[in-house]
2 protein chains.
Amino acid sequence: MGLSKREQLLRTALALFKKHGFHAIGVDVIAHRSGVTKKTLYHHFRSKDELILAVLRYYDERFRNHFIRQVESRAKTPLRRLTALFDVAKDWFNENDFYGCLFVGALGEFPEPDTAIRNACRESKNLMRDYFRELAEGAGASKPKELADQLLLLMEGAITMAQVNHSPFSAQQAKAAARVLIRNARSSAQ
Amino acid sequence: MGLSKREQLLRTALALFKKHGFHAIGVDVIAHRSGVTKKTLYHHFRSKDELILAVLRYYDERFRNHFIRQVESRAKTPLRRLTALFDVAKDWFNENDFYGCLFVGALGEFPEPDTAIRNACRESKNLMRDYFRELAEGAGASKPKELADQLLLLMEGAITMAQVNHSPFSAQQAKAAARVLIRNARSSAQ
DNA sequence: TTTAAAGTATACAGATCAGTATATTTTAAT
DNA sequence: ATTAAAATATACTGATCTGTATACTTTAAA
């Protein structure tokens with residue numbers, strides 16, 4: 001047996017939202033392309049907003065897990081992993097279905113503050129930041145939180161510019177900048 | 001006499017697109033809130049897409065001019081201006097109608113490559129990058145283009161994180177990182 | 001003062017939007 | 001085999017979407 005209907009709906013909606021955004025995609029096309037009726041969609045999700053939220057959570061966990069796993073397999077020390085972040089990002093930017101950060105897209109389409117959708121986006125970035133901080137500590141940075149936040153800015157900037165230029169080159173630029181920031185943070189540690 | 005109808009439409013549409021994005025805002029509400037009929041809207045713009053494009057161009061020129069003017073008035077040497085970029089960004093993040101970068105929002109909603117809308121977004125970022133490069137050269141960086149691109153990554157990252165956290169603090173984090181990158185680029189110049 | 005452009009008011013077309021209703025069929029566990 | 005949940009097919013509501021049509025009025029320049 002294949003995927004559950006719920007999982008099928010989440011996957012289809014994710015692919016469509018990634019490419020076209022949220023308001024441009026209707027529930028009809030999501031149901032149809034999932035091989036499911038609209039009634040079934042509304043059986044699993046009370047509303048389109050709830051589906052969107054479920055998609056964000058679904059994607060958040062899978063993406064971050066995959067990203068971190070890639071980093072961990074590619075480099076074996078916290079110091080090396082700090083730069084490997086940008087190698088993994090480069091692979092991501094090269095994927096066919098890369099259309100920028102889904103969460104940033106959601107923030108741009110749902111302005112109401114303190115809503116479930118916006119909070120999910122912030123939480124996702126926070127969890128990634130936590131991983132950066134863990135690595136920065138392990139790498140012996142003098143102020144690991146500051147270094148992690150700076151590297152996160154480079155990462156987010158690289159994501160944006162990869163989308164703008166339809167090129168993964170920003171990942172290399174960010175990696176070069178990251179090396180400077182890391183060296184600086186470690187030398188001030190002495 | 002007040003603004004021309006065309007200008008009024010551009011301003012209204014800009015404010016609405018900035019907050020809600022593009023697909024979530026209909027031409028009816030734009031016309032109505034401009035105090036204009038839909039017929040008049042379609043007299044000035046052939047389609048909604050053309051209105052969107054006009055809004056992007058309108059905003060691009062005004063925003064960049066304003067941004068650069070602020071930088072130039074706040075600091076008087078290229079070196080100081082390189083860090084002043086992030087002070088001006090902080091003011092921007094503090095504005096009531098700050099909802100992230102309009103162009104990044106457009107990229108998230110219009111996936112079709114090589115379209116007028118996407119090209120306008122890329123062009124806008126290119127022009128800002130050119131200004132960064134001009135400053136980096138004037139500041140005596142060893143590789144001014146590289147420094148400028150790195151600072152642009154920090155800037156874009158700061159914009160994203162300001163929206164995520166609804167806080168201008170990312171501007172200060174980016175400024176601190178920028179200082180390190182600038183110092184490094186100037187010391188390797190010797 | 002004539003005249004053409006720009007504007008208004010209003011309604012409409014045809015499509016699509018989110019979400020619901022009805023009635024039937026499949027599925028899976030007891 | 002029975003039964004309840006899950007799914008189907010289909011149609012519908014009422015709203016909203018982009019874009020157009022018709023008929024009338026204002027505006028501003030020649």
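Both backbone and side-chain heavy atoms feed into the values below; hydrogens, waters and symmetry mates do not.
Distance NE2 (H32(A)) to P (dA18(C)): 16 Å, rounded to an integer number of Å. Separating the NZ atom of K5(A) from the P atom of dA6(D) is a distance of 13 Å, rounded to the nearest angstrom. The nearest whole Å value for the distance from the CG atom in L51(B) to the P atom in dT18(D) is 10 Å. Atom-to-atom, NZ of K48(A) to P of dT20(C) comes out at 15 Å; the value is rounded to the nearest Å. The nearest whole Å value for the distance from the CD1 atom in I52(A) to the C1' atom in dA18(C) is 11 Å. Between the CG atom of D28(A) and the P atom of dT16(D) there is a distance of 17 Å, given to the nearest Å. Atom CZ in R6(A) sits about 16 Å away from atom C1' in dA7(D), given to the nearest Å.
R62(A) and N65(A) form no side-chain donor-acceptor contact under 3.5 Å, judged by distance and modelled atom types alone.
For H44(A) and dA6(D), the shortest distance from a side-chain N or O to OP1 or OP2 is not below 4.0 Å.
Here the two rings, on F17(A) and H23(A), have centers that are 6.0 Å apart or farther.
Contact annotation for H23(B): no contact, since no heavy-atom pair falls under 4.0 Å across all strands. Across all strands shown, I25(B) has heavy atoms under 4.0 Å from sugar-phosphate atoms exclusively, and none from any base.
Nucleotides of DNA chain C nearest to R46(A) and V29(A) differ in position, and the one nearer the 5' end is that of V29(A).
Counting only heavy atoms from C-beta outward, the side chains of L85(B) and L135(B) approach each other to under 4.5 Å. Inter-residue side-chain proximity for L147(B) and F132(B) is flagged as unmet; no heavy-atom pair is nearer than 4.5 Å.
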Apply salt bridge (charged side-chain N to carboxylate O under 4.0 Å, His left out) to residues E72(B) and R81(B) and explain how you reach the verdict. CA-CA 7 Å; E72(B) 311 266 308; R81(B) 281 170 179 164; 3.5 Å; yes
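Listed by residue number, the members of residues 33-43 of chain B with any heavy atom below 4.0 angstrom from DNA chain D are K38(B), K39(B), Y42(B).
For residues 39-49 of chain A, the set of pairs meeting the side chain to side chain donor-acceptor pair (under 3.5 Å) definition, not counting sequence neighbours, comprises T37(A)-T40(A).
Legend: residues meeting side-chain hydrogen bond (donor to acceptor under 3.5 Å, both in side chains) with E156(A), ordered by chain and number and at least two apart, are K125(A).
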